[in-house]
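Below: the structure, in structure tokens.
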Amino acid sequence: IEEQYMYDLVVLGGGSGGLAAAKQAAELGARVAVFDYVTPSPKGTKWGLGGTCVNVGCIPKKLMHQAALLGEAVHEAAAFGWVIPDIKSVQINWEALSVAVQNHIKSVNWVTRVDLKNKKVEYINALGYFKDPHTIGGIMKNGEENVVTAKNILIAVGGRPKYPDIPGAIENGITSDDIFSLSQPPGKTLIVGAGYIGLECAGFLNGLGYNTTVMVRSIILRGFDQQMANIIAEEMEQRGVHFIYQAKPKLIKKEADGILVHWVDKLGQVQKDVYDTVLFAIGRRALTKDLKLENAGVICIPDDDKIDAVDEQTNVPHIYAVGDILHKKPELTPVAIHAGKLLSKRLFANSSETMDYTNIATTVFSPLEYGCVGLSEEQANIIYGEDNIEIYHAYYKPTEFFIPQKDNSHCYLKVVTLRNNDQKVIGMHFIGPNAGEVIQGFATAIKSNLTFPILKSTVGIHPTSAEELIRVFITKRSKMDPKPQS
Ligand code: FAD
Ligand code: NA7
């Protein structure tokens, strides 16, 4: 029956999830093709194979964050005895940074292509859509159509940044799709949106020396622990990021001296200012519209155009979905990759292992990073009730902060546990240097049913910031001061 189709698996979307599934399937002997096509951003930015993470997401973001951290480190180095001539004139060369970042990305694009070739996955550079439940058409750059048939189809087309529906937004604004390859320095920048992408972009732009403002519609980092989110924002404000709270943009207009922005403030008054760059980070839209899903009978959730799959299977049994396209699942690269690999193992190696979407650790790469795993304090309160959870918390002083006299007032962590006998750990939150590196191992511990007594019986590594998660002993309930005594 398989021979009736050209491929055992056709993947729509060559990003984190699609490529992982395709390579895994090919390694297991399946005949696989991947369609990947990047529609240029309204500003005209386009990129190569590999999807959001590699080209306009995690990777360039982390590199620019690193550039900002290095700028900070140059100044600290002087306190540690490095002789840095003319330190006041230390500044970023934006063009050099963006060229270095783009060169790295191009090398990853190349390696990705070679990898697909070696693994015998066919790469088709075309915008794919369903012609019928087993047939995919793909429009190539030259306008020609490439038509293939497949026994199984995986939808992994991800999403793209949204623009607000206000005059001038599309014409004069940019998004995360454009920022990492801007040929000119961004200058004075307004970032609309206070989700993690907005905060991260604001953090590195401010760190690189650009005047940066974040416009917040309601709260910071919706979905994250709000105490931690507000500490992150306070730290950013202290470092010079401006925040405009309870404000909504109304009009974006190009003028001789820059981009004029009108917004409505919390009192309903219209305010205005002029910026060099306006970046929208107001969430992402799922790319299901181009897929002609109706030709295959695949149903989307009308609210967000995403797909509600059960174990990555859509309502059509041989059509699957992974990654950012999934309804109410974390939009993270390792989530897409893990789900994609497991799916291919179920399809082509008789595996029965399914994806566990709980306890997935993540990190916000704000200037002082925030890593977390498990439940926020708010979620724990809702699920278990305030009387049934214990919050252990502490402020701490990273050793390396002392000599350069770096402000440590926002270095804070908390551990959320149940109050029953076991005292199971259900959430861990850490603000400080290298938060992602700190929290990753604790995520494994939580997956292995970490309890508070086990955490306390673990011997720390000194001197690190991670050991502070093990030293924690003050409960919020005790109302003791969580500030370090020394
Ligand atoms: P994508 O990687 O988006 O890949 C989908 C691919 O399909 C794209 O190449 C797209 O062009 C293509 N495509 C779309 N429609 C079609 C079609 N009809 N035919 C053919 N091809 C099509 N995650 C983390 O884990 N850590 C981070 O630090 C992090 N930082 C981020 C920073 C930013 C600025 C952004 C935007 C995202 C970040 N993410 C991060 C999220 C991460 O990038 C995504 O979760 C991940 O890329 C999703 O993978 P995916 O396979 O679902 O889709
Ligand atoms: P998020 O996390 O969805 O955050 C979007 C932010 O933008 C959030 O602060 C929103 O405020 C705000 N927003 C949304 N619409 C508007 C409009 N129209 N005007 C002003 N502000 C707005 O998106 P990101 O871009 O950070 O990240 C995209 C995804 O990647 C996200 O889902 C992550 O899981 C990964 P709100 O809180 O809704 O008032």
Side-chain angles (χ1 to χ4, degrees), residues 10-21 34-40 46-62 64-65 124-130 136-139 154-166 169 175-177 179-180 191-201 214-224 229 246-250 263-264 279-293 304 306 321-326 328-337 339-340 360-365 436:
V10 162
V11 178
L12 293 172
S16 309
L19 291 177
V34 174
F35 283 75
D36 189 64
Y37 188 87
V38 179
T39 309
K46 47 185 197 276
W47 51 89
L49 177 63
T52 303
C53 169
V54 167
N55 293 286
V56 286
C58 333
I59 302 299
K61 178 277 298 291
K62 183 81 188 285
M64 292 216 167
H65 172 61
I124 303 171
N125 187 202
L127 188 69
Y129 71 96
F130 284 92
I136 299 293
I139 314 289
L154 173 61
I155 303 170
V157 293
R160 292 291 286 271
K162 287 183 197 161
Y163 283 82
D165 187 13
I166 54 170
T175 67
S176 55
D177 280 355
I179 185 75
F180 306 110
I191 292 175
V192 181
Y196 90 82
I197 295 173
L199 290 194
E200 288 180 340
C201 290
V214 180
M215 188 173 286
V216 189
R217 178 169 74 174
S218 56
I219 56 170
I220 304 272
L221 285 179
R222 180 180 301 285
F224 286 84
Q246 313 291 320
K248 275 191 223 157
K250 193 173 152 33
W263 70 88
V264 182
L279 186 150
F280 296 108
I282 62 166
R284 296 172 63 81
R285 114 194 114 77
L287 290 180
T288 40
K289 284 262 158 63
D290 296 333
L291 296 177
K292 302 202 178 153
L293 289 176
D304 60 4
K306 290 192 175 187
V322 294
D324 285 6
I325 206 71
L326 289 177
K328 293 218 160 122
K329 294 290 190 296
E331 294 183 9
L332 294 168
T333 272
V335 172
I337 292 176
I360 287 160
T362 187
T363 290
V364 181
F365 292 93

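Counting from 1, the numbers follow the sequence of the chain as shown. For clarity, every value in this text was computed on a predicted model and none was experimentally measured. Counting starts at 1 for both ligands and their atoms, in listed order. The figures here come from the full heavy-atom set of this structure, side chains too, leaving out hydrogens, waters and symmetry mates.
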#### Entry: Set of residues satisfying side chain to side chain donor-acceptor pair (under 3.5 Å) with respect to T39, sequence neighbours excluded
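Listed in chain order: nothing, the list is empty.
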Non-hydrogen atoms of [X] versus ligand 1: any pair closer than 4.0 Å?
X: A126; value: yes
X: D36; value: yes
X: V38; value: yes
X: R284; value: yes
X: Y196; value: yes

### Message
T362 vs L332, test: side chain to side chain contact (heavy atoms under 4.5 Å, CB included). Steps then yes/no.
### Response
CA-CA 8 Å; T362 187; L332 294 168; 3.6 Å; yes
If you have a sec, work out which protein heavy atom is nearest [atom] and how many Å separate them, to one decimal?
atom: atom 9 (O) of ligand 2; answer: A194 N, 2.9 Å
atom: atom 22 (C) of ligand 1; answer: Y37 O, 3.6 Å
atom: atom 7 (O) of ligand 1; answer: G13 CA, 3.1 Å
atom: atom 46 (C) of ligand 1; answer: T333 OG1, 3.4 Å
atom: atom 35 (C) of ligand 2; answer: Y196 CE2, 3.1 Å
atom: atom 1 (P) of ligand 1; answer: T52 OG1, 3.5 Å
atom: atom 26 (O) of ligand 2; answer: I197 N, 3.2 Å
atom: atom 16 (C) of ligand 1; answer: V157 CG1, 3.5 Å
atom: atom 30 (N) of ligand 1; answer: K61 NZ, 2.9 Å

### E331, portion touching ligand 2 at heavy-atom distance under 4.0 Å
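Within the 4.0 Å criterion, E331 contacts ligand 2 through backbone and side-chain atoms alike.
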### Query
Between V192 and ligand 2, which residue portion shows a heavy-atom distance shorter than 4.0 Å: side chain, backbone, both, or neither?
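Only the side chain of V192 comes within reach of ligand 2.
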### Task
Take I166 and K250 through the test side chain to side chain contact (heavy atoms under 4.5 Å, CB included) and record every step on the way to the result.
CA-CA 6 Å; I166 54 170; K250 193 173 152 33; 5.6 Å; no
Any N or O on [X] sitting closer than 3.5 Å to an N or O of ligand 1?
X: S176; answer: no
X: L332; answer: yes
X: D324; answer: yes
X: D290; answer: no
X: G17; answer: yes

Determine whether [X] and [Y] make a side-chain contact, defined as any pair of heavy atoms from C-beta on separated by less than 4.5 Å.
X: Y196; Y: K61; result: yes
X: V157; Y: L291; result: yes
X: P161; Y: F280; result: no

Donor-acceptor check, side chain of [X] to backbone of [Y], threshold 3.5 angstrom: yes or no?
X: N125; Y: D36; answer: yes
X: Q246; Y: V216; answer: no
X: R285; Y: R160; answer: no

### Task
Test side chain to side chain contact (heavy atoms under 4.5 Å, CB included) on L154 and V322 and set out the steps.
CA-CA 7 Å; L154 173 61; V322 294; 4.0 Å; yes
### Message
Within the 4.0 Å heavy-atom shell around L127, which atoms of ligand 1 are there?
### Response
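Per the distance check, 16 (C), 17 (C), 18 (N), 19 (N).
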Would you say [X] has any N or O atom under 3.5 Å from an N or O of ligand 2, going by distance alone?
X: S218; result: yes
X: P164; result: no
X: G193; result: no

Regarding [atom]: of the candidates [options], which has the closest heavy atom?
atom: atom 2 (O) of ligand 2; options: G195, A281, P249; answer: G195
atom: atom 25 (O) of ligand 2; options: G283, A169, C201; answer: G283
atom: atom 7 (O) of ligand 2; options: I282, T362, V335; answer: I282
atom: atom 10 (C) of ligand 2; options: R217, K248, R222; answer: R217

### Task
Mark yes or no: K292 above the aromatic ring of F130, with NZ or CZ under 6.0 Å from the six-membered ring centre and no more than 45 degrees from the axis.
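Because its charged atom misses either the 6.0 Å distance or the 45° angle limit, K292 does not stack over F130.
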Check each heavy atom of [X] against ligand 1 and say whether those closer than 4.0 Å belong to the side chain, the backbone, both or neither.
X: C58; answer: both
X: L287; answer: side chain
X: T363; answer: neither

### Query
To the nearest 0.5 Å, what is the distance between CD1 (I282) and CZ (R217)?
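One finds 7.5 Å between CD1 of I282 and CZ of R217.
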### Task
Go through T288 and I325 one step at a time and tell me if the side chain to side chain contact (heavy atoms under 4.5 Å, CB included) criterion holds.
CA-CA 8 Å; T288 40; I325 206 71; 3.6 Å; yes
### Query
Is it true that K306 and E331 make a salt bridge, defined as a side-chain N closer than 4.0 Å to a carboxylate O?
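Here K306 pairs with E331 in a salt bridge, since their nearest N and O are under 4.0 Å apart.
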